[in-house]
Protein chains: 2
Amino acid sequence: MRRFALVLNTRSDTYAAMARTTGSHSEITGPRIREAALRLFAKHGYAAVSMRQIAREVGVQVGALYNYTPDKQALLFSLLQGHMDELLAAWEAEPRGADPLARLESFVRFHIRFNLARPEAIFISYMELRNLEPAPFAAIESLRKTYEQELEAILAQGRDAGVFQLDEPRITAFALIAMLTGVNTWYRADGRLSEPEVASLYWDMTRRAVGA
Amino acid sequence: MRRFALVLNTRSDTYAAMARTTGSHSEITGPRIREAALRLFAKHGYAAVSMRQIAREVGVQVGALYNYTPDKQALLFSLLQGHMDELLAAWEAEPRGADPLARLESFVRFHIRFNLARPEAIFISYMELRNLEPAPFAAIESLRKTYEQELEAILAQGRDAGVFQLDEPRITAFALIAMLTGVNTWYRADGRLSEPEVASLYWDMTRRAVGA
DNA sequence: GTCTATAGAATGATAGAC
DNA sequence: GTCTATCATTCTATAGAC
């Protein structure tokens, strides 16, 4: 275990870093803890995963984890927050058409592509919110609401422009996001359909559902 | 606690039952354990709930639980299996139209009504499958697949009859079930829309999504 | 920054009395 | 059928050495 971590660490070792004590390789440990926690939380659930399990995956002793997080729940919160920040930033950076129909198609394809690229983060974002205290819970919920409102705004604009036939932009947004997120439960990269093909199928359903 | 349980028990007490020792009221304890476990698993997650917590909710000591389940996981499995059996039986008993369009509407309204009536069971059915061993997991998955195939069959029939415009009945079924199940994440009984109104909104979206 | 060692509490499950 | 008491294990988190 130790050997593996040291090998990885040589990527960015400076002379100063190499003068550290044997067990010191913090530059790589932090991200590896996050990756291991994400994977284990997604597979077994937050409550079912022990700090010892995470440490074992990373190849350190349990005490070392507490150099990177004050406690277990802060680690979960950090993962969820990082994921939501990444989601919102990626959508902001996504090229999108001017009219509501093109924007809706951009949203559908972006959502499926983004979600399929990080199934573990998506999974814990939907499953482990209940393990947060009220304040951290509210913070994540706020970010999620921001994302939902992006879709709601597109739907409202399309309705006002007479392009979409729908009465309830908010509820339609909930329905569409649930439908699109569901791809993660069945899609397999080695399956019959490619990701773009799946996205096109869902875009067809979405376009019809909003009456475009 | 004890008093409450005894009061409930008097409903069906026979002379023989009343001759039992003080702590004996099994006729009511079993269901109460299941109800408490369902509620607690849904709220906190299977792994986060202890047998002691369940016992406290029911008003018995932890040892008494093991008269009703060999272990904690068997209790979870029993809840999941009971829920899936109930779902399939309820759908079998549901009146449904002869043509695919009427059958699809029946399915949509049934699914929303059934799910909103038991949010806790729905929640753990989607969240706690990963806490089952491979064999129990496969058993529940098989029941779920049976239900999905009911919808898939309706979609395939409608497509073959030229009523629905869709290429992939299986994927369309996945998409629709995910969309419909999503109602549980936002619906509140004291909200602006009644359950039938919500069902009608989702039926509109469903009908359009399948090109009917 | 990581290690070893441990405090202090909680867990699932069982044994035996009533 | 339920209770009390307990075993053996596991857990989160911390203290102090290096």
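So that the names make sense, note that chain A is the first sequence line, chain B the second, and so on, each numbered from 1. Just so you know, these numbers use all the heavy atoms, side chains as well, and skip hydrogens, waters and symmetry mates.
- Taking the six-membered ring where the residue is Trp, the centroids of A/Phe110 and A/Trp91 are separated by under 6.0 Å.
- Residue order along DNA chain D, read from the 5' end via each residue's closest nucleotide, puts A/Gln53 first among A/Pro70 and A/Gln53.
- Cation-pi geometry between B/Lys72 and B/Tyr46 is met: under 6.0 angstrom from the ring centre, within 45 degrees of the axis.
- The cationic atom of A/Lys43 (NZ for Lys, CZ for Arg) does not lie both less than 6.0 Å from the six-membered ring centre of A/Phe123 and within 45° of the ring axis.
- Distance A/Arg56 CZ to C/dC3 C1': 17 Å, rounded to the nearest Å.
- Look at OH on B/Tyr66: it is 17 Å from P on D/dC7, rounded to the nearest Å.
- Note on B/Gln61: every side-chain N or O is 4.0 Å or more away from OP1 and OP2 of D/dT2.
- In this entry the distance linking NZ of B/Lys72 with P of C/dT14 reads 15 Å, nearest Å.
- In this structure, CG of B/Asp71 is placed 14 Å from C1' of C/dT11, rounded to the nearest angstrom.
- With a 6.0 Å cutoff to the six-membered ring centre and a 45° limit on the axis angle, B/Arg144 counts as a cation-pi contact of B/Tyr126.
- Rounded to an integer number of Å, the gap from B/Ile28 CD1 to D/dT2 P is 11 Å.
- If you take CD1 of A/Ile33 and P of C/dT2, they are 7 Å apart, rounded to a whole angstrom.
- Note on A/Tyr68: a side-chain N or O is less than 4.0 Å away from OP1 or OP2 of C/dT2.
- Listed candidates were D/dG1, C/dG1, D/dC3. Nearest to the side chain of B/Asn67 is D/dG1.
- Cation-pi geometry between A/Arg118 and A/Phe114 is satisfied (NZ or CZ under 6.0 Å from the ring centre, within 45° of the ring normal).
- Between B/Ser50 and the phosphate of C/dT11, there is a side-chain N or O to OP1/OP2 separation shorter than 4.0 Å.
- In terms of phosphate contacts, B/Thr29 brings no side-chain nitrogen or oxygen within less than 4.0 Å of OP1 or OP2 of D/dG1.
- For B/Val60, the side-chain atoms get nearest to D/dC3 when compared with the rest of D/dC3, C/dG12, C/dC3.
- Here the P atom of nucleotide C/dT6 and the CE atom of A/Met51 are 21 Å apart, to the nearest Å.
- Look at CZ on B/Arg52: it is 13 Å from P on D/dA5, rounded to the nearest Å.
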